[in-house]
K.L.:
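Supplied in structure tokens, the structure appears directly below.
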Protein chains: 4
Amino acid sequence: MSNAPFKFHFRVRLRDTDAAGVIYFSRLLERAHEAYEAFLDSAGLPLQTWMAQGPRLPIVHAEADFSAPMELGTVVRVALKAARVGRSSFTLDYEFTTDDGAQLARAQTVHVAVEQGETAALPETLRDQITAILTQRRKGAKHG
Amino acid sequence: MSNAPFKFHFRVRLRDTDAAGVIYFSRLLERAHEAYEAFLDSAGLPLQTWMAQGPRLPIVHAEADFSAPMELGTVVRVALKAARVGRSSFTLDYEFTTDDGAQLARAQTVHVAVEQGETAALPETLRDQITAILTQRRKGAKHG
Amino acid sequence: MSNAPFKFHFRVRLRDTDAAGVIYFSRLLERAHEAYEAFLDSAGLPLQTWMAQGPRLPIVHAEADFSAPMELGTVVRVALKAARVGRSSFTLDYEFTTDDGAQLARAQTVHVAVEQGETAALPETLRDQITAILTQRRKGAKHG
Amino acid sequence: MSNAPFKFHFRVRLRDTDAAGVIYFSRLLERAHEAYEAFLDSAGLPLQTWMAQGPRLPIVHAEADFSAPMELGTVVRVALKAARVGRSSFTLDYEFTTDDGAQLARAQTVHVAVEQGETAALPETLRDQITAILTQRRKGAKHG
């Protein structure tokens, strides 16, 4: 298993920007989510399927750190990795860079599987796909 | 019956703007819809009720004309009137002005009542409330 | 000159949708604008250039008609054509269809070139590119 | 000095929601920013002033934790406090609750004053206003 990150890219569009001339901070998280949806598509497990049949995969935590402003028209590369896969939740890391590899931002989302209002086990198909983009742990890392 | 328009106002917030420094064009329609939702609230017929029990009231046409740029922090007044109420649809007009009454923009949305994928009659309660903000027609106007 | 429309496509993402389960009406216009920005990119005249050096090309009119709901995950095809090119303004038409060619929606935006608050002539490079996607007029159509 | 939080409230509008029927995760951060803008307005230091005269106050970190879904039409109360005020940066905490005080979510934004691309000192007027909503530290808390 390669554990290579899932690659995505987007161009900063006018609707992503604000009056400061750069990406509006929380629209970076919209772009992160778009990368996550593209990952689910590529895995043959599109988000609309989970919406329809469950479990739902709501976000319980999201965060972003900004290193450099992202201007209108900039092509942004996204590398999507899993930082953790648990029984009923998973954590995704997003690295945003320029075409030249310069760091722009990073983000993280934590998702919990929910069925009829209760925490549920992650479906095995989804768990396998997320495990495939799980970041290599350092040797000796604690097993969770 | 007064046929006075429903009044709403908002302040242009950073999320409404884009890199041109003013409101991003289609966010004016988001603000128009917010005025429509506030109108439904004030009428005791909130949108979530229609979402839950039906009929749905999807927009089949929307348009906006822009007279002046709306900058971050500007207080915008919205006057919401009904231009037309039919058996199963209605048309809303929105006028956007400054505090001083200077025109900024106008918009229009056309809504059709839909039940299980089919056009449905407007509920009488909703029809009455929309009629209450119906613009006075000129004498001699054709009856539709 | 081919006068073929500019082609674009997108997938309806979660951020495009609302609690009715389909695309939020004005986000279709955001997608239309994204198609317009992609067109400018392909023409070598990206929007950020106009933002920086002028003229600005603000939208003075926008409209959309909705034929069918657009659900999460749907691939939407956009055909972008120019309906009119004037001395200082142009009108763009957008047709939204499914992969199978079924009509979903249409939209229109009208842009005016503005320099230091005054209407300005369209730069010739831009005018040429927009003319290249100008819809064929019927024979005998009046020359404007 | 009261150190009372700044109070804000909003109603979850259709544009805030997504196909899951509740607030789209990152729009909570848009609402947090709206509360921050309202705080700046009430302090007589509106965001547009900083945009125009500087320093800019870009967000370098943002995060949100979600406790309960926020449905269309829900009135959400926001309590805005400062968690930290430094020489050139400040950290804001947002608590989101129902009208009954039930917790819905929390968020945090970290802002850094920037002038011509360089970190700058916070203007004293702004620093004073943020200090006024600074959370009381526990006795013995480390001075930063």
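Below, chain A is the first sequence line, B the second, and so on; all start at residue 1. Only heavy atoms go into these numbers, but all of them, side chains included; no hydrogens, no water, no symmetry mates.
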K.L.:
Where do B:E30 and C:S26 come nearest, in terms of heavy atoms and distance?
P.N.:
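Smallest interatomic distance, heavy atoms only, reads CG-OG, 3.4 Å.
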K.L.:
Pair C:Q108, B:E63 - check side chain to side chain contact (heavy atoms under 4.5 Å, CB included), show working.
P.N.:
CA-CA 9 Å; C:Q108 184 175 86; B:E63 61 176 78; over 6 Å; no
K.L.:
So which part of B:R106 gets closer than 4.5 Å to some heavy atom of chain C, the side chain, the backbone, both or neither?
P.N.:
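It is neither, since no heavy atom gets under 4.5 Å.
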K.L.:
Write down the atom of B:A20, the atom of C:R56, and the distance for their closest heavy-atom approach.
P.N.:
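Taking B:A20 first and C:R56 second, the nearest heavy atoms are O-NH1, 3.1 Å.
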K.L.:
Relative to chain B, which of C:D65, C:L28, C:V110 shows the most heavy atom pairs under 4.5 Å?
P.N.:
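Among the listed options, the one with the most contacts to chain B is C:D65.
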K.L.:
Between C:T109, C:V60, C:V22, C:L29, which residue shows the highest count of heavy-atom pairs closer than 4.5 Å to chain B?
P.N.:
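Top option by heavy-atom pairs under 4.5 Å: C:V60.
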K.L.:
Is the count of non-hydrogen atoms from other residues, nucleotides or ligands lying under 6.0 Å from B:Q53 atom CD greater than 12?
P.N.:
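Counting neighbours around CD of B:Q53, more than 12 heavy atoms of other residues, nucleotides or ligands fall under 6.0 Å, so yes.
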K.L.:
Do you know which two heavy atoms are closest between B:H33 and C:Y24, and how far apart they sit?
P.N.:
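Minimum heavy-atom contact is CB-OH, 3.5 Å.
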K.L.:
With no hydrogens and no angle check, is any side-chain donor or acceptor of B:H61 less than 3.5 Å from a backbone partner on C:F66?
P.N.:
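Absent.
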